[in-house]
Amino acid sequence: MKVERVIKYEAELDKDFSQWVVSVPGGEQIRDCIQCGTCSATCPLSIYMDYTPRKIILMAHQGFKEEVLRSFTPWLCASCYACMVNCPREIKITEIMYILKEKAIEEGMYPKRFPIPVLAREFTRMIVKKGRNPETKLIIALALRTNPLNLLKMAPLGLRLMKAGRLEIMTKSIKGKDQLKTMLQSLEATT
Amino acid sequence: MKEYAYYPGCSVKGTAKHYEESLLTAFDVLGLNLTELEDWNCCGATLALAVNELKSFTMVSRNLALAEKTGLDIVTPCSACYLVLLKTQDYIRRYPDIKAKIDRALKSVGMEYRGTVRVKHTLEALVNDVKLEEVKNRVTRPLKGFKVAPYYGCQIVRPYKEFDHPFYPDSMDRLLKALGAEVVDYPLKTDCCGAAIAGTMEEVGVRLNYVLLKEAQKRGANCVVTVCPLCQLNLEQYQGKINKRFNSDISLPILYFTQLLGLALGVPEERLGFNRAMVSADSLLEAA
């Protein structure tokens with residue numbers, strides 16, 4: 001049997017990452033965490049996570065950059081804010097999950113072929129282009145980029161929605177879509 | 001007569017059409033006038049926030065700026081839109097750096113946002129701007145036979161506790177009682193339906209919604225009432241799969257509070273979008 005070290009030495013942790021978390025909006029109080037586990041206990045999705053919210057908060061704070069950004073945990077956060085409202089130290093746990101998602105995309109470290117980051121990116125791309133969210137197109141694009149077989153699985157729901165007149169096939173662009181584009185470009189110029 | 005800038009969000013133009021249909025007709029009866037915000041854009045929901053927070057805030061600020069020009073409060077039926085609008089306002093207020101970037105972006109297209117807009121959820125507008133007594137007096141068809149599980153979901157009460165308790169709200173309970181419905185005690189009223197994750201990962205959607213529906217059934221509810229397009233869709237779409245997986249017999253219509261409001265106020269059923277249901281409420285409507 002091969003024995004491997006699973007605990008990291010302090011020198012192997014990414015101090016820049018831990019400082020970055022504290023410096024971004026929402027991450028300021030992460031140092032106040034007392035590891036009580038209220039977040040993990042209230043989280044309805046923690047049963048599916050590779051690290052519970054309590055662990056992710058500690059690991060982000062300590063500088064386990066690689067593990068945190070490759071984790072499924074932030075992507076499984078449904079943004080219900082139960083942890084954040086319950087946190088006795090008022091740590092903005094849900095907002096930290098958002099920051100970690102953004103960072104994981106930026107660094108190309110999000111779990112590949114996992115549907116949620118793909119959905120988030122496709123969605124954002126489409127609304128920036130049109131100014132509106134084309135629900136149907138989005139679902140198709142998502143399936144094509146993750147598992148095309150899902151389209152077959154989703155077909156019955158699609159038909160039921162269509163019968164009820166709840167499926168919008170064509171989404172019109174807004175008049176101000178160029179305005180939106182200019183605004184977003186202005187951001188890039190200043191950051 | 002009260003005027004609002006109506007921010008519909010994308011869902012009520014598609015999967016949640018019956019929310020908008022019932023909202024506009026029912027609010028009209030009560031003299032709440034919703035004028036759709038001209039050329040609004042998608043708020044990006046919680047998904048765009050995950051990709052780029054600043055871009056997301058910037059897109060939202062265009063809507064805030066458009067609303068500010070009308071001088072009216074924003075009213076939105078979608079809990080995700082509500083959350084994203086409130087979060088944008090919150091971050092603009094608390095982080096001068098974010099505010100400066102957004103101001104510049106707005107200025108680049110000749111717009112500005114001074115921060116004067118008040119954002120309200122449709123439920124919030126109804127319970128805060130109309131006296132419950134007044135609603136009660138307008139009821140012409142009390143909701144007989146409706147045993148309702150009031151489901152608020154998450155983002156209408158968390159993290160911004162604007163108008164009700166973050167875990168045990170009761171504004172909708174009181175409203176539904178005033179409409180003549182029987183409201184069951186429903187302790188899961190703010191537990192999460194899985195939101196966008198339920199839609200993309202079936203295992204999550206089936207399990208979370210099973211828990212919610214099973215509890216409603218156990219408490220004797222014959223329908224669940226929601227305030228959010230995504231909650232409504234999740235609770236409704238998985239019932240078949242839930243029954244197969246957990247060997248249960250759940251068949252609960254998932255209604256919008258505005259559908260029941262309209263019904264009690266005497267609006268004809270056809271104008272409240274009951275025909276768009278995937279789990280029909282016909283038997284309840286006939287008995288009423």
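Lettering follows sequence order; numbering is per chain, from 1. Quick note: numbers below take in every heavy atom, side chains included, and nothing from hydrogens, waters or symmetry partners.
- Annotation: maximal heavy-atom pairing with chain A below 4.5 Å, among B/Lys87, B/Glu53, B/Lys13, occurs at B/Lys87.
- Among residues 78-88 of chain A, the residues having any heavy atom closer than 4.5 Å to a heavy atom of chain B are, in sequence order, A/Ala78, A/Ser79, A/Cys80, A/Tyr81, A/Ala82, A/Met84, A/Val85, A/Asn86.
- Scanning residues 116-124 of chain A against chain B with a 4.5 Å heavy-atom cutoff picks out A/Ile116, A/Leu119, A/Ala120, A/Arg121, A/Phe123, A/Thr124, ordered by number.
- Annotation for A/Ser186 and B/Ala105: closest pair OG-CA, 3.1 Å, computed over non-hydrogen atoms.
- Of the listed residues B/Arg207, B/Glu203, B/Arg94, B/Glu38, the one with more heavy-atom pairs under 4.5 angstrom with chain A than any other is B/Glu203.
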One pair to check against side chain to side chain contact (heavy atoms under 4.5 Å, CB included): A/Met154 and B/Glu202. What are the steps and the verdict? CA-CA 10 Å; A/Met154 286 186 295; B/Glu202 194 177 293; over 6 Å; no
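- Residue A/Ile47 touches chain B through its side chain alone, counting heavy-atom pairs closer than 4.5 Å.
- Between chain A and the options B/Thr58, B/Thr200, B/Ile102, heavy-atom pairs under 4.5 Å are most frequent for B/Thr58.
- Residue contact with chain B, scored on non-hydrogen atoms closer than 4.5 Å, involves the side chain of A/Tyr48 exclusively.
- Taken from CG in A/Leu161 to CZ in B/Arg276, the straight-line distance is 11.0 Å, to the nearest 0.5 Å.
- Remark: B/Leu233 CG to A/Leu157 CG distance equals 6.5 Å, nearest 0.5 Å.
- For B/Leu208, the part sitting under 4.5 Å from any heavy atom of chain A is the side chain, from C-beta outward, and nothing else.
- For NZ of A/Lys55, the number of neighbouring non-hydrogen atoms (other residues, nucleotides, ligands) closer than 6.0 Å is 12 at most.
- Most heavy-atom pairs under 4.5 Å with chain B: of the set A/Lys92, A/Met126, A/Glu95, A/Lys130, this distinction falls to A/Glu95.
- For B/Gln237, the parts sitting under 4.5 Å from any heavy atom of chain A are the backbone and the side chain alike.
- For the atom pair A/Arg166 CZ and B/Gln232 CD, the distance stands at 5.0 Å (nearest 0.5 Å).
- With a threshold of 4.5 angstrom between heavy atoms, B/Lys161 approaches chain A through side-chain atoms but not through N, CA, C or O.
- Taken from CG in A/Asn133 to CG in B/Leu47, the straight-line distance is 8.5 Å, to the nearest 0.5 Å.
- Of the residues considered (B/Ala100, B/Ala48, B/Ala50), B/Ala50 shows the highest number of contacts with chain A, using heavy-atom pairs under 4.5 Å.
- Considering only heavy-atom pairs separated by less than 4.5 Å from chain B, the leading option among A/Ile127, A/Val128, A/Ile105 is A/Ile127.
- Judged purely by atom type and a 3.5 angstrom limit, A/Arg132 has no side-chain atom pairing as donor or acceptor with the backbone of B/Cys42.
- Here B/Ser11 is the residue among B/Ala277, B/Ala16, B/Ser11 with the most heavy-atom pairs under 4.5 Å with chain A.
- Enclosure of atom NZ in B/Lys99 is not indicated, since only 12 or fewer non-hydrogen atoms of other residues, nucleotides or ligands lie within 6.0 angstrom.
- Here the CG atom belonging to B/Asn41 is positioned 12.0 Å from the OG atom belonging to A/Ser173, to the nearest 0.5 angstrom.
- Proximity to chain B among residues 10-29 of chain A is limited to A/Pro25, A/Gly26, A/Glu28, judged by heavy-atom separations below 4.5 angstrom.
- For B/Pro159, the parts lying under 4.5 angstrom from a heavy atom of chain A are both the backbone and the side chain.
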Verdict with reasoning, B/Ile197 to A/Trp75, per side chain to side chain contact (heavy atoms under 4.5 Å, CB included): CA-CA 9 Å; B/Ile197 299 183; A/Trp75 297 104; over 6 Å; no
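- The local environment of CZ in A/Arg125 is crowded, with over 12 non-hydrogen atoms from other residues, nucleotides or ligands closer than 6.0 Å.
- Two residues are said to be in side-chain contact when any heavy atoms from C-beta on lie closer than 4.5 Å; B/Met201 and A/Leu76 meet this criterion.
- Among the candidates B/Ser56, B/Gly9, B/Ala45, B/Gly14, the residue making the largest number of heavy-atom pairs closer than 4.5 Å to chain A is B/Gly14.
- Counting heavy atoms from C-beta on, the side chains of A/Lys101 and B/Leu49 never come closer than 4.5 Å.
- For residues 174-183 of chain A, the interface with chain B (any heavy-atom pair closer than 4.5 Å) comprises A/Ile174, A/Lys175, A/Gly176, A/Gln179, A/Leu180, A/Thr182, A/Met183, sorted by residue number.
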